[in-house]
2 protein chains.
Amino acid sequence: MSNEQVPQDFEALKTAILQRKAVLPKRLKQVAAYALDNPDEIAFGTAASIAVSADVQPSTLVRFAQHFGFEGFSSLQQIFRARLRERAPGYDERLRALAEKGNDELESGAILNGFIAAGHKSLNALTSAIDPVRFDRAVSILANAATIYLIAKRRAYPITSYMAYAFGKLKIRCQLVGTAAGIDDDMLAFAGESDAAFAVSFAPYAAETISQALAVSGKDIPVVSLTDSVFSPLAECSTVWFELAEADHTGFRSLSASMAFAMALTVAVAEKRQQNAVK
Amino acid sequence: MSNEQVPQDFEALKTAILQRKAVLPKRLKQVAAYALDNPDEIAFGTAASIAVSADVQPSTLVRFAQHFGFEGFSSLQQIFRARLRERAPGYDERLRALAEKGNDELESGAILNGFIAAGHKSLNALTSAIDPVRFDRAVSILANAATIYLIAKRRAYPITSYMAYAFGKLKIRCQLVGTAAGIDDDMLAFAGESDAAFAVSFAPYAAETISQALAVSGKDIPVVSLTDSVFSPLAECSTVWFELAEADHTGFRSLSASMAFAMALTVAVAEKRQQNAVK
DNA sequence: GTCAATATGGAATTTTCATTCCATTTCATT
DNA sequence: AATGAAATGGAATGAAAATTCCATATTGAC
């Protein structure tokens, strides 16, 4: 519709979607979220099948495509297919073999294999999902903080709780926000401009996590965050944020990839601090 | 046409094609070569477009698929699509890449890759380390418990904290032991013979975890445990125990595999409870 | 509250595509 | 060389899919 140019690759499309997501009408926003969260489905599905799983009409998909300047759904789909084509070669067929083997075994064994497979998948996704430059920026921010505030509730809490343990061992000052609901805000009141925060939240986002991250960023304290969708409210109030969708097994998600990410961040921060100290 | 079974994944198909390549008629051989050389084209193209670039008739593609036992071209194509969905660089491949270029990349990026690789390695080890029969026994024990006591400190604490969250969601009664040091023992005093405990501890073993596990097992309460060595004091006082060594990156360990294990155990327990309830 | 503009659902339409069918060619066997 | 069987090309068919269109619903401005 607009005379802006049509996105030619996935990155450009993603940017365009994010830019306009706030202005999009309800159903189109729904499609936008679905598309960015399930790019593979768009690549392989048919308009009808996608419509069902995104819970919209097929015509809405066409409209969505046209809103972004494509001729129709099909040409939009090309972008998602090209993205898959261009992924670096290298295949891990083991995952599939593993998933198959599980079936005739004991049911609980199958469950274990399922989570192992999901873990592998998540870790693989992590490789491509995290931009090293961005990661490095996040590390710098946290490395320069006097105190690192770790904000997470519920499903995300184990991640920061582990980071708190590791930071402690590494002699880096941090404050775990997320235990007793009452005192959290009091702790955050101490945070100042020389500090930084790391917030984690997955859908459905804990309201407290969001409001605390907002409060902190409102005080001009840099916020690094980890979340599972580009539409997360955390993304909006963060200096640097990462999208990491953990693969699920029968609807349940483990934290395999998140834990790897958390540890990498923790160790990288410690490393950078040491470098800074030497200078 | 043969009554061999239809290949279900790309590897099997590839093997089948290579095996029969010599016996294939001219045009089908041509298709075979094209398919293995341009798998991406098969995945995304239409029969017509592929026919043009492979220089055969569309009908030949259908025949080719049927020769290998598929119903038609479309079902063959599914194999090629599945391959793209799941393709991801293998962890050993990544390790090699990491070792090669490691230096000129950003250091923090290398750290992340290191933890991802370690995660893959740990998950792989998990596959062979856990005996399904034993796992099933552990599941039974915990499924029959009125209340599950989750015992863990320090590095192991995030694991049980996540299990506590998941059990809560699944409406399974559990008690997290490991938060405030003072009240732990008081909580455990309530544990009775209809309960069970799950203890996690890695070297250097937290004294409290051990003594609490001992106390519980002394009351004839079954204990399932997760630890990182056969010499762990936890192994001695446990009804069923699992050894899980998490791979490390430059001396630091993440919890990728432990988290997968914990989730598998949690979900398997919930599953078994549901089964028991139906009977 | 009214009206216009925009968005949405769903059926109707058109296009695209895989598959089938059959006439013709190629190949192996004698 | 003759014959039958297998393979091939290409048009015809019918199914499936994307797209369009229109009636209805929703939203926002005054």
Side-chain angles (χ1 to χ4, degrees), chain A residues 1-4 6-7 13 16-17 20-35 38-82, chain B residues 1-4 6-7 13 16-17 20-35 38-82:
Chain A
M1 290 289 136
S2 61
N3 29 359
E4 300 162 31
V6 184
L13 176 58
I17 291 176
R20 298 170 57 180
K21 86 167 187 191
V23 203
L24 249 34
K26 186 178 153 203
R27 288 279 115 110
L28 296 192
K29 201 184 295 181
Q30 201 173 320
V31 172
Y34 182 86
N38 308 285
D40 287 12
E41 287 306 311
I42 306 275
F44 290 115
T46 67
S49 72
I50 296 166
V52 169
S53 58
D55 196 27
V56 295
Q57 292 290 324
S59 48
T60 307
L61 293 176
V62 176
R63 286 186 203 112
F64 176 81
Q66 288 169 344
H67 257 257
F68 285 91
F70 297 95
E71 199 177 311
F73 170 72
S74 298
S75 32
L76 171 85
Q77 194 176 38
Q78 294 311 314
I79 301 291
F80 285 79
R81 296 189 163 182
Chain B
M1 286 298 135
S2 62
N3 30 1
E4 299 162 31
V6 185
L13 177 59
I17 290 176
R20 298 170 58 181
K21 187 172 177 194
V23 201
L24 249 36
K26 187 178 155 203
R27 292 275 115 112
L28 296 194
K29 201 184 295 181
Q30 201 174 321
V31 173
Y34 183 86
N38 308 287
D40 286 13
E41 287 307 311
I42 307 274
F44 289 121
T46 68
S49 73
I50 296 166
V52 169
S53 59
D55 194 28
V56 294
Q57 290 292 323
S59 47
T60 306
L61 293 176
V62 176
R63 287 188 201 112
F64 177 81
Q66 288 169 343
H67 256 260
F68 284 92
F70 297 96
E71 199 177 312
F73 171 72
S74 299
S75 31
L76 171 86
Q77 194 177 38
Q78 293 310 314
I79 302 291
F80 284 79
R81 295 190 164 182

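Note that the structure is a prediction, hence the values are computed from the model and not measured. Below, chains carry the letters A, B, ... as their sequence lines are ordered, and counting in each starts from 1.
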Problem set entry | Nearest listed nucleotide, side chain of B:A47, among D:dG10, C:dG9, C:dA18 | C:dA18

Problem set entry | A:R27 and A:Q30 side chains, donor-acceptor separation under 3.5 Å | yes

Exercise. Does the ring of B:F68 carry B:R20 above it, NZ/CZ under 6.0 angstrom from centre and within 45° of its axis?
Worked result: yes

Exercise. So which nucleotide from C:dT8, D:dA18, C:dC22 ends up closest to the side chain of B:R63?
Worked result: C:dC22

Problem set entry | Whole angstrom value for the distance that separates P of C:dG9 from CG of A:D55 | 9 Å

Problem set entry | Audit row: B:N38, B:I50, side-chain contact (heavy atoms from CB on, under 4.5 Å) steps and yes/no | CA-CA 10 Å; B:N38 308 287; B:I50 296 166; over 6 Å; no

For this session: Determine: side-chain N/O of B:Q66 to OP1/OP2 of C:dT20, distance under 4.0 Å, yes or no.
Result: yes

Seminar exercise, completed: Against the side chain of A:S74, the closest entry in D:dG10, D:dT19, C:dA18 is D:dT19

Exercise. In whole Å, what is the span from the CD atom of B:Q77 to the P atom of C:dA18?
Worked result: 7 Å

Exercise. If you pin B:V23 and B:Q57 to their nearest nucleotides in DNA chain D, which one's is more 5'?
Worked result: B:V23

Exercise. Quick check, are the ring centers of B:F44 and A:F44 under 6.0 angstrom apart?
Worked result: yes

Exercise. Which part of the nucleic acid, if any, lies within reach of A:S59 when heavy atoms closer than 4.0 Å are counted: base, sugar-phosphate only, or nothing?
Worked result: base

Problem set entry | Distance in angstrom units between A:E71 CD and D:dA17 P, rounded | 20 Å

For this session: Would you mind reading off the distance between B:L24 atom CG and C:dC27 atom P, rounded to a whole angstrom?
Result: 15 Å

For this session: Provide, to the nearest angstrom, the distance between the CZ atom belonging to B:F70 and the P atom belonging to C:dA18.
Result: 16 Å

Exercise. Do you know the tightest heavy-atom contact between B:T46 and B:F73?
Worked result: C-CE2, 4.5 Å

For this session: Return the value, rounded to whole Å, for the distance between atom CG of A:L61 and atom P of C:dA7.
Result: 16 Å

Problem set entry | Watson-Crick or G-U counterpart of C:dT8, or none if no pair lies under 3.5 Å | D:dA23

For this session: Ignoring the backbone of B:F73, work out which of C:dA18, C:dT8, D:dT19 is nearest its side chain.
Result: C:dA18

Problem set entry | Spacing of B:F44 atom CZ relative to C:dC17 atom C1', expressed in whole Å | 18 Å

Exercise. Which part of the nucleic acid, if any, lies within reach of A:P25 when heavy atoms closer than 4.0 Å are counted: base, sugar-phosphate only, or nothing?
Worked result: sugar-phosphate

Exercise. Could you give the NZ-to-P distance, from B:K26 to C:dT25, as a whole number of Å?
Worked result: 14 Å

